[in-house]
Trainee: 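One structure is given below, represented as structure tokens, and several questions about it will come after.
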Amino acid sequence: MHEDLLNQLLSCFEIDFVIQFGNLGRNANDIDLLIVSDSFIGISNFKRRQMVRNINYSFDALCLTNSQFTKIKTCDSMLYKSILTNYKLLYGHHSSLS
Amino acid sequence: MDITQAYREQIFVVQSYIINKITSSFEKTLSGADCRLLNEALIALDKTLNYGLFPAHNIVLLEKTYRYGSDATYERLNYFSNYYYAYSEISSSDLDLQQTSLIKVNTSTATMMTRILGFNKGICDLGGSTDDYYVDRMERVFWGIKTILKREQTDIYLPMMYTLVNLCQSLTEYLFSKDNQYRNKATRLLQEANSKLEGLIKVKQIQEILSSNLQLRLFFLVQKSRILKALSVDQELSPIYISELPNMRTEQKLRILSTLFYLNRDNFTSLFELNFEFIYMDIQRSTVGLNNFLFLECLSSYFISKPLSEEIELNLNSLNKEKIEVSDHFKCIFNNYEESHAVSISKDEINLLIGYNDEILRNKVSKMILGVDKAILERERQKPHGGFEISDMEVRIKLGKESYFLCIPFKSGQEIASNTVPESIAYQIFRPFIHFDKTIVIFITAKRCSQNLMNYIKRMQDKLKWGIAVLENEELAKLLKVNGMLN
């Protein structure tokens with residue numbers, strides 16, 4: 001399932017990395033993804049989510065640009081902490097997270 | 001100063017303020033104070049959009065500005081951590097920490113409020129995991145309020161009251177919206193908040209605060225009426241009339257006026273007219289900030305009460321840097337575009353094109369687009385076309401070295417009753433510019449555009465540098481024919 005979802009995402013955006021976070025044991029229709037891509041630059045949050053939702057999978061996506069991700073990383077946000085607690089890297093490199 | 005002129009001026013001032021704040025937020029994260037002010041500016045902008053008697057391109061620029069502001073403040077919500085920590089911070093014995101905690105809660109509440117207002121206008125969406133925390137973590141703020149009351153900390157009853165009424169305001173705004181994801185939870189939270197408010201107004205110190213603080217009293221009354229409406233409770237509120245504004249700071253006067261609008265419109269209108277010059281002069285003397293936002297809100301309320309007979313054309317920041325001539329790239333976007341010029345078209349073929357419905361036209365055009373994965377085109381062609389769709393098709397496309405979002409609004413002949421496409425549909429053509437910074441729009445229409453619509457589009461290409469092209473009628477028929485699609 002993840003592979004198909006990823007292929008669809010990668011066909012639409014130049015993605016740096018994708019992480020599944022939160023409760024990884026949840027069923028496939030209830031997954032949280034963090035998608036980091038500079039393809040999102042200049043696109044509203046609303047539109048980013050709408051575009052990834054057009055893909056035929058049910059998931060909740062947080063779509064950030066690299067600079068937005070760096071911001072949440074450097075300010076030690078609750079979101080970043082919650083991601084680090086439990087995550088699975090679906091695409092990209094682990095180094096992006098540290 | 002003429003009120004209409006002041007309105008124009010303040011809209012520009014507030015738009016510029018938001019853009020400057022957002023630009024500086026690229027360098028460093030917005031502070032809590034920045035967020036508070038941005039939210040106030042967004043609420044004023046929302047009210048301005050509610051008035052709405054502006055040309056389509058002005059509305060698009062205001063909505064785009066709203067989107068910038070709302071996305072920036074939303075980024076700072078951080079999973080409603082302010083709600084999460086509220087109970088532990090308020091439970092501490094440090095008065096400063098308690099007050100700071102209430103301020104932070106108010107900022108998060110205002111951010112959610114602007115999010116909901118943006119949702120109502122199709123600029124923002126609701127339902128992400130951050131939004132889940134808005135309803136899941138609010139209970140912790142209620143625990144904090146309970147603690148303050150239990151300890152009888154009268155020193156912070158006033159900010160506590162504001163926090164509670166603000167929460168109610170955002171919950172009612174949500175319940176009045178069309179979203180249903182949190183309806184049950186929000187109703188339960190509002191019932192709980194309402195029962196807390198009922199209890200609070202029986203407390204002697206709160207009664208004293210309400211009787212001495214006109215600003216809070218009016219705010220409370222408006223919100224109480226909204227709560228009862230949201231909870232479907234019938235209750236008549238006593239009418240409010242204010243003969244003159246008390247001698248107080250401009251900010252307080254503006255707060256009273258902006259609330260009075262909801263309680264007694266005639267009273268608001270006459271008091272605003274009476275105080276307009278003084279307030280305007282005071283605002284001119286100060287640096288741009290909260291008073292400008294509250295003033296803009298009042299100006300919008302004033303024009304909602306007394307609308308002008310014609311649209312007001314605004315002078316706004318264009319928000320676009322570079323211009324692209326879209327039609328110069330048609331040969332890279334549409335298969336056989338150059339060859340289509342040599343094709344001849346009969347009257348019957350034009351009638352055939354005009355007879356296509358939206359779905360047929362979309363299907364045929366999607367098969368002629370170059371440089372986009374077929375599966376993506378197919379998905380775009382089939383996607384549901386609800387009110388939240390920005391345009392019929394949106395695909396990423398490369399023109400030279402640059403990537404753009406190509407947005408295609410369609411108008412089939414069946415959709416347009418008149419002989420030509422009227423100017424009134426301009427908003428649908430301009431709308432993609434709200435959500436995409438780097439976008440090109442190709443308007444595809446079976447019937448010809450009216451001269452007014454064409455002139456308007458050309459004016460926007462020049463004035464705002466918007467990359468828009470039109471593929472209409474005969475030119476469209478030729479392109480379909482050369483690709484074997486006109487059948």
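Heavy-atom basis, side chains included; hydrogens, waters and symmetry copies ignored. Below, read A as the first sequence line, B as the second, and so on, with proteins coming before strands; counting in each chain starts at 1. Since we're looking at a predicted model, the values are computed, not measured.
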Trainee: Given a strict heavy-atom distance threshold of 4.5 Å, which part of B:Tyr85 is in contact with chain A: side chain, backbone, both, or neither?
Mentor: side chain
Trainee: Out of curiosity, A:Ser44 OG to B:Glu63 CD, how far, rounded to the nearest 0.5 Å?
Mentor: 11.5 Å
Trainee: Under 4.5 Å between any side-chain heavy atoms of B:Tyr79 and A:Lys81, yes or no?
Mentor: no
Trainee: Using a cut-off of under 4.5 Å on heavy-atom pairs, state which of B:Lys438, B:Lys383, B:Glu394 scores highest against chain A.
Mentor: B:Glu394
Trainee: B:Asp373 versus chain A, heavy atoms under 4.5 Å apart: side chain, backbone, both or neither?
Mentor: neither
Trainee: Above 12 or not: heavy atoms from other molecules or residues under 6.0 Å from CD of B:Glu359?
Mentor: no
Trainee: What is the distance from atom CD1 of A:Ile43 to atom CG of B:Asp71, rounded to the nearest 0.5 Å?
Mentor: 11.5 Å
Trainee: With the side chain counted from C-beta on, respond yes when B:Arg396 and A:Ser39 share a heavy-atom pair under 4.5 Å apart, and no when they do not.
Mentor: yes
Trainee: Is it the side chain or the backbone of A:Ser82 that comes within 4.5 Å of chain B heavy atoms, both, or neither?
Mentor: side chain
Trainee: Could you state the interatomic distance from CD1 (B:Ile390) to CZ (A:Phe46), rounded to the nearest 0.5 Å?
Mentor: 4.5 Å
Trainee: Just wondering, do A:Leu79 and B:Asn78 contact through their side chains at under 4.5 Å, heavy atoms?
Mentor: yes
Trainee: Quick check on the structure: residues of residues 119-138 of chain B within a heavy-atom distance below 4.5 Å of chain A, by number.
Mentor: B:Gly122, B:Ile123, B:Cys124, B:Asp125, B:Leu126, B:Gly127, B:Gly128, B:Ser129, B:Arg137
Trainee: Hey, are the side chains of B:Glu75 and A:Ile72 touching, using non-hydrogen atoms and a 4.5 Å cut-off?
Mentor: no
Trainee: Looking at B:Arg115, B:His435, B:Arg67, which one forms a side chain to side chain contact (heavy atoms under 4.5 Å, CB included) with A:Asn45?
Mentor: B:Arg115
Trainee: Could you pull out the closest heavy-atom pair between A:Ser11 and B:Ile376, with the gap in Å?
Mentor: O-CD1, 3.2 Å
Trainee: Checking B:Tyr74 against chain A: side chain, backbone, both or neither under 4.5 Å from a heavy atom?
Mentor: side chain
